[in-house]
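For the numbers below, each heavy atom of this structure counts, side chains included, while hydrogens, waters and symmetry mates do not. The chains referred to below are lettered A, B, ... by the order of the sequence lines, with proteins before strands, and numbering in each begins at 1.
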Protein chains: 2
Amino acid sequence: MNTLLQRKPAHQCPEGRPLSAEEVCAERGLQLSEVQRSILEYLWRRGQPVGAYGLMRELKGTLTRQLSPPTVYRALEFLQKEGLVARIETKNAFVACARPHRNRAYVYFICDTCGASVEIESAEIEAQVAHDAAFLGFRIGRRVIELEGTCADCLSREAANAGC
Amino acid sequence: MNTLLQRKPAHQCPEGRPLSAEEVCAERGLQLSEVQRSILEYLWRRGQPVGAYGLMRELKGTLTRQLSPPTVYRALEFLQKEGLVARIETKNAFVACARPHRNRAYVYFICDTCGASVEIESAEIEAQVAHDAAFLGFRIGRRVIELEGTCADCLSREAANAGC
DNA sequence: ATCAAAATGTTATAACATAACGATCCAGTC
DNA sequence: GACTGGATCGTTATGTTATAACATTTTGAT
Ligand SMILES: [Zn+2]
Ligand SMILES: [Zn+2]
Ligand SMILES: [Zn+2]
Ligand SMILES: [Zn+2]
């Protein structure tokens, strides 16, 4: 059996209850700005990768601020540093992390059909990557592991349609 | 011990001898155009990820053609389809594959310091990824596995400088 | 109140990528 | 040789993502 620490969509905590920004701040002695908080909460609600310009469009109305590109990227940079948001390289987009974390081998499964994204932490993959790196004498910094494909929901929907 | 099918920089074959475009074409019944061939050969010589606009700049002089962005991206698309070139998502760049291939779990180690890139094929990582995907009921399409860090050469250079 | 650090505003631009449509090249066939 | 279909390329324009540079405002501590 595998070490899947996170088996739910990335915007939910393990018990299935969405975290609030306030809870996270309390836990970590963190004070989010309005922009940072609204981006984080939007990504939690959304549950799938969203581009920086998509965030701008979505949040433009709901915010007193103007939300120019530099502002969005700065807030995202902060949230990434705190381990609250991850960048999905294959989509040039950003997703809320399943839980605050840092510098581990998180693996993202991203559905080509519905866009959903699931974050897992796989000790086995991490160990194997470390092993291969050691063989090469390579010191690993950031790990990007993204698997594109079709999620279970979309697969069963596919199967249902094919059966008709 | 690990299954590292490729232990040399990505622009060399395992025996350390760079392939020529002609050899690849002969092997695969493939006819490369001038643009396709010159891009592939440049990436072989270079041995590290290069962006599309970098390719344009580098090849502008050496070519009778104009080499506009669409032309470069079309050639890169072709080379990727043939498994001769891989896109490095973390760099928005392209690198010659260690060998022609398709749809396997290739892993890229990319040095933040010198930009060098090494492609390996790790059966263990592939198996583990497949295992985790099966657990989620996820059907995998493209796999993107990119590890950023410091290569062995740059590490020893670092150590040498620190020793002074 | 004063100050320093953090966050944001603003303008402009860099860097990456594709849409759309016409022209050309080239291998195989008549 | 002329024809033809498919691949490649030219060209123009535009879309998308990301950052540089510098001014200003907000925030929280002293
Ligand atoms: Zn298991
Ligand atoms: Zn799906
Ligand atoms: Zn070889
Ligand atoms: Zn290096």
Euclidean distance, atom CG of residue B:L63 to atom C1' of D:dC9 [Å, nearest integer]: 12 Å

Test salt bridge (Lys or Arg N to Asp or Glu O under 4.0 Å) applied to B:E58 - qualifying residues, sequence neighbours left out: none

Under 4.0 Å protein heavy-atom contacts per nucleotide of nucleotides 6-24 of chain C, with B for base, S for backbone only and - for none: -SBBBB----BBBB-----

Which residues share a side chain to side chain contact (heavy atoms under 4.5 Å, CB included) with B:S68, sequence neighbours left out: B:P70, B:T71

Contacts of A:E34 that satisfy salt bridge (Lys or Arg N to Asp or Glu O under 4.0 Å) - sequence neighbours left out: A:R65

Residue list, ring pair (Phe, Tyr, Trp, His ring centres under 6.0 Å) with A:F94, at least two apart or on another chain: none

Side chain to side chain contact (heavy atoms under 4.5 Å, CB included) against B:T90, all qualifying residues, sequence neighbours excluded: A:E89, A:R142, A:V144, B:I88, B:I110, B:E146, B:E148

